> 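Please read through the structure below; I'll follow up with questions.
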Amino acid sequence: MLNGVTIEELRSRALGHNLKMLTGRAVKLGLDVPKVHRQSMEVANEAILDRYIETGARTVLLPEGLSEICSNLHEQIGPAVYLAAGLSRKPEPYHSI
């Protein structure tokens, strides 16, 4: 949203809960998302399947991988969000699990 993306666009079918599309859009807007994190987000995008009973094997994103992604995003986005919100203190470092 700090780069002009509207709430309506974020809620749209094109982006909505689609982590792959959201990640791609963020990269186009200048966010540095390492390739390994983009691949992990594609795996996490499949988590929507957890809402349905399905059998068979599939790849899942482990909590450690998600924690690494969150740490990276926190470092990149946190300062800009704090500034935009008018907060004067620095964001706390993200502590991964």
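The figures that follow rest on heavy atoms only: side chains count, while hydrogens, waters and symmetry mates do not. Source: prediction; values computed, not measured.
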> For the hydrophobic clusters of this structure (ILVMFWY residues joined by side-chain heavy atoms under 4.5 Å, transitively), does one cluster hold both Met41 and Val36?
no

> As a test of understanding, state which of Gln76, His74, Glu75 forms a side chain to side chain donor-acceptor pair (under 3.5 Å) with Asn72.
Gln76

> Please round to the nearest 0.5 Å and tell me the distance separating atom CG of Leu2 and atom CG of Leu31.
11.5 Å

> To the nearest 0.5 Å, how far apart are CG in Leu19 and CD1 in Ile69?
9.0 Å

> Please determine whether residues Leu83 and Ile77 belong to a single hydrophobic cluster, defined as Ile, Leu, Val, Met, Phe, Trp and Tyr linked transitively by side-chain heavy-atom distances below 4.5 Å.
no

> What's the spacing between Asn45 CG and His17 NE2 if we round to 0.5 Å?
11.0 Å

> Okay, side chain of Ser71, backbone of Ser67: is any donor-acceptor separation there less than 3.5 Å?
no

> Let me confirm one number: the CG-CZ distance from Asn3 to Arg25, rounded to the nearest 0.5 Å.
9.0 Å

> To the nearest 0.5 Å, what is the distance between CE (Met21) and CZ (Arg13)?
13.5 Å

> Does Arg38 use its side chain to pair, donor to acceptor, with the backbone of Val33 at less than 3.5 Å?
yes

> Output the distance between atom CG (Asn18) and atom CD (Glu42), rounded to the nearest 0.5 Å.
9.5 Å

